[in-house]
Visitor: 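One structure coming up, written as structure tokens, with questions to follow.
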4 protein chains.
Amino acid sequence: MPRPPGHGPGYEIKRQEIIDQAAQLFAKQGYAATGIAEIGQVAGLAKGALYYYIGSKENLLVEIQNRVLNPLLTAARRIAGLDEDPVLRLRLLSQTLLELILARLDHIWVYEHDYRHLRGANRTRLLRQRREFEKIVQDLLVEAMESGAFRKLNARLAMLQFLNMHNHTYQWAKPDGEWDAEFLSREYCATLISGFRSPSYDADDLEERVRSFREREGA
Amino acid sequence: MPRPPGHGPGYEIKRQEIIDQAAQLFAKQGYAATGIAEIGQVAGLAKGALYYYIGSKENLLVEIQNRVLNPLLTAARRIAGLDEDPVLRLRLLSQTLLELILARLDHIWVYEHDYRHLRGANRTRLLRQRREFEKIVQDLLVEAMESGAFRKLNARLAMLQFLNMHNHTYQWAKPDGEWDAEFLSREYCATLISGFRSPSYDADDLEERVRSFREREGA
Amino acid sequence: MPRPPGHGPGYEIKRQEIIDQAAQLFAKQGYAATGIAEIGQVAGLAKGALYYYIGSKENLLVEIQNRVLNPLLTAARRIAGLDEDPVLRLRLLSQTLLELILARLDHIWVYEHDYRHLRGANRTRLLRQRREFEKIVQDLLVEAMESGAFRKLNARLAMLQFLNMHNHTYQWAKPDGEWDAEFLSREYCATLISGFRSPSYDADDLEERVRSFREREGA
Amino acid sequence: MPRPPGHGPGYEIKRQEIIDQAAQLFAKQGYAATGIAEIGQVAGLAKGALYYYIGSKENLLVEIQNRVLNPLLTAARRIAGLDEDPVLRLRLLSQTLLELILARLDHIWVYEHDYRHLRGANRTRLLRQRREFEKIVQDLLVEAMESGAFRKLNARLAMLQFLNMHNHTYQWAKPDGEWDAEFLSREYCATLISGFRSPSYDADDLEERVRSFREREGA
DNA sequence: AATGAATGAGTGTTCATTCAT
DNA sequence: AATGAATGAACACTCATTCAT
């Protein structure tokens, strides 16, 4: 959302830096409890200059939400569209989600905590995007049910269990924690899938299939 | 926890009402974004009178946290100390936790979001209590492993999965949602236990045992 | 200044106690920086009851001023009217003034610091009384000049030197300091009189005359 | 002592103006009884802009104290270190002190009345500086005793007499009073020295020596 | 591209005082 | 004789934002 018509080449770079720094502060202290002055101090900019880059405080929040939702939705749409077993796709989506969470812990804090400070159109768009992500997950779960892999579940509740398990991770994950996204995804999915699966479905080869998928893709 | 030396009979009642109202506002808007003036308005009290009851804004936060943590820890300690199968105790603890979450959704919002605005001793005590609760859960999981019911898990990660699943519920639960605590607990535990259990462990009679336990207790 | 028509026997006693306690607080923290709540706490009274005794905060200040000025003016008038050498009377007045200062250090702090918070008639009366005291001192100095004991001085400046020397004592005196009023009076007067006296005047027997005066009076 | 990192050329000037205006208000009404709003009104600045310059109310008090103590201590150290008769140095110090008092009456009011509202390090530093000044005076008095000019006095009491006489001047001096610092210093010192001196010491030529010193210095 | 200066509403909190009981 | 409850203005201070330069 660059503001005035003409900008030098450094503008966008500096802008992104400022958003990064703001995300860190918001994550640590909360959006409402973080002052513009503080951001300016961390950015090494006087308040006037800061506003040249950010437009408004709420705008920073919008950008941070976008940095989470844009890659998340893009990846989710891509994975959901793959021509693969829905359980495999769920496993891939799980890992992508965890990668995003672990890579941008501070952004996720803000995303989870402070989206309610958005107003008007910003808020509406955000909620729509969140619902879209939820729908993608839920549709995959339904596909898995229809494929016979999962037993007959309340689809919405299954989706919520999936998201509970994943989304709450930001609350305790550390920037350099002992567990990476792949490990967590394996563990989470093992739990969830063993809970969701039909008696007849054998999930034991899932990780093998993930590996093989990655090889195909990487090639 | 009355503040000035003496108080009339209505004091504590009104005080609890105010804390209720504050919890609602904090849950909706966040602690930092909610003004004392707003609370006074909702309470129908001028700011001076408000402070007569609350002492300070942070004190309101403390009270709300206590309303969550005191019953939670009391119940958790009691359940952990029961002379029952650890898996049964986990299931009971799960339901108690969900009952608390669903009964006091706004308090939980504040508990989950705004504990970081506590300072000094208040914060220290809160973190200690949170850790105690986590330890109770983790110890139950270890007991379940030692009893042979659960396979060999990373205890901490299992505890985090348990809490992820439960604690994130506040994010989407509605005050009069379609699912009650018992149903959610059954579902969550079914998923978790099927993920955690040893191949040899048969969880099918768990709900039966829950019912029988309740009858014994209720009698 | 008792308020309602009828009062029990304990009223005035308690009232004086409260004024004492207020004087201590005002002295330590200043009138403006001391709250009514604080006084009530020290007095062991709720605010409502406190007001039953004190009428208003400013009224406390008035009472404290009176406790200084009434005995001071009474004593000063009496001493000035004695049929004695003016230098002796100055020496007696000096000691009386210092006795009052040392006996009621906290009242004097308030008297010196906070009289400017009085308004209207209270302030006018106070200033009048202060001027009366100054006039008594100045008249004694003039008498001493006219008697030939003191050389020709600017009377007002001499009076101000006298009061500078005495009145500033409260700034460093301690409740149980090493010097008593008699000693300080002797020292201050020795300095002042040696500075004010005529070359012909011999002050060496002054303390002797003080002693002899006291014996006559005491008898 | 500018607060934020960078400031324009007018900043320090305006800042000093505001401190001036605050000193006047504090002197008239007392520090505790003067509101920030009032200062802003006098300065013609909204509260936000005011804080841009002052940092905090207590900071204003610190600055005012510094404006008294810095020149006072600098001058006192210089005078104490002169290679002159200690009595002459006392006389010079007396005049310097009175010059400061008369030149900055309102600052002195605040200095004398409101230093107790300073907290923490500010207060500690202030008290240390006050003690340093007292020590300089007392050391000069001891020197004068050792030189034989003064008789054997209690050094601390002599110092307190000296300061009583001088420091209390602010209580009655007027901005355009009839007496200047030189005149008051001559009078005060005449009184004090005639009280302190040895019988053998002749103080009659002191003013002559002051004049000669000033000529030497001025040349 | 950036600054210093300013605003005015808003922050949480304390104040002296009142009054029905 | 004393209380608990209430008020509303004032307190020191911070806020996001603007704008001439």
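Lettering follows sequence order; numbering is per chain, from 1. Bear in mind the structure is a predicted one, so any value in this text is a computation, not a measurement.
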Visitor: Tell me which of Ser56(C) and Leu50(D) sits closer to the 5' end of DNA chain E, going by the nucleotide each one is nearest to.
Guide: Leu50(D)
Visitor: Kindly confirm or rule out a cation-pi arrangement of Arg116(B) over Trp109(A), judged by NZ or CZ under 6.0 Å from the six-membered ring centre and within 45° of its axis?
Guide: yes
Visitor: Quick one: on DNA chain F, does Ala32(A) or Gly48(C) contact a more 5' nucleotide (nearest heavy atom)?
Guide: Gly48(C)
Visitor: Should dA9(E) form a Watson-Crick or G-U wobble pair with both distances under 3.5 Å, which nucleotide is its partner?
Guide: dT14(F)
Visitor: Check the distance between dA5(E)'s C1' and Tyr11(D)'s OH and give it to me in whole angstrom.
Guide: 11 Å
Visitor: What is the separation between atom CD on Gln41(C) and atom C1' on dG4(F), rounded to the nearest whole Å?
Guide: 16 Å
Visitor: Kindly state whether the ring of Tyr111(A) and the ring of Tyr170(A) have centres lying under 6.0 angstrom apart.
Guide: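 Judged by ring-centre distance (under 6.0 Å), Tyr111(A) and Tyr170(A) do not meet the cut-off.
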Visitor: How long is the line joining CG of Leu61(B) and C1' of dG12(E), in whole Å?
Guide: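 After rounding, the reported distance stands at 14 Å.
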Visitor: Quick one: Lys57(D) NZ to dT14(F) P, roughly how many Å, whole number?
Guide: 14 Å
Visitor: Would you say CD of Gln129(A) has more than 12 non-hydrogen atoms from neighbouring residues, nucleotides or ligands within 6.0 angstrom?
Guide: yes
Visitor: Measure from the side-chain heavy atoms of Tyr53(B) and tell me the nearest of dA2(F), dA5(F), dA2(E).
Guide: dA5(F)
Visitor: Which base, if any, makes a Watson-Crick or G-U wobble pair with dT21(E), both distances under 3.5 Å?
Guide: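 Pairing partner: dA2(F).
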Visitor: Which is more 5' along DNA chain E, the nucleotide nearest Leu45(D) or the one nearest Glu58(B)? Just name the residue.
Guide: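 With Leu45(D) and Glu58(B) compared, the 5'-side residue is Leu45(D).
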Visitor: Which comes earlier along DNA chain F counting from the 5' end, the contact point of Thr34(A) or that of Lys47(C), where each point is its nearest nucleotide?
Guide: Lys47(C)
Visitor: Round to a whole Å and report the spacing from OH of Tyr31(C) to C1' of dC15(E).
Guide: 12 Å
Visitor: OP1, OP2 of dT14(E) versus side-chain N and O of Tyr52(B): anything below 4.0 Å?
Guide: no
Visitor: Is the shortest side-chain N/O distance from Tyr51(A) to OP1 or OP2 of dT17(F) below 4.0 Å?
Guide: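 Tyr51(A) to dT17(F) OP1/OP2: side-chain N or O found under 4.0 Å.
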Visitor: Tell me: NE2 of His117(D) to P of dC11(F), nearest whole Å?
Guide: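 Between P of dC11(F) and NE2 of His117(D): 14 Å.
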Visitor: Parallel, tilted or perpendicular: which one describes the rings of His117(C) and Tyr31(C), with boundaries at 30° and 60°?
Guide: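 Ring orientation of His117(C) relative to Tyr31(C): tilted.
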Visitor: Separation of Ile13(B) atom CD1 from dG4(F) atom P, in whole Å?
Guide: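 One finds 16 Å between P of dG4(F) and CD1 of Ile13(B), rounded.
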Visitor: How many Å lie between CD on Gln29(A) and P on dC15(F), as a whole number?
Guide: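 Whole-Å distance recorded here is 10 Å.
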Visitor: Can you confirm if the NZ or CZ of Arg130(C) lies within 45° of the ring axis of Tyr115(C) and under 6.0 Å from the centre of its six-membered ring?
Guide: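 Yes, a cation-pi geometry holds between Arg130(C) and Tyr115(C).
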Visitor: Nearest of dT17(E), dA1(F), dT3(F) to any side-chain atom of Ala46(C)?
Guide: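 Nearest to the side chain of Ala46(C) among the choices is dT3(F).
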Visitor: Is Ile36(D) touching bases, backbone alone, or none of the nucleic acid, heavy atoms closer than 4.0 Å?
Guide: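 The residue Ile36(D) makes sugar-phosphate contact but no base contact.
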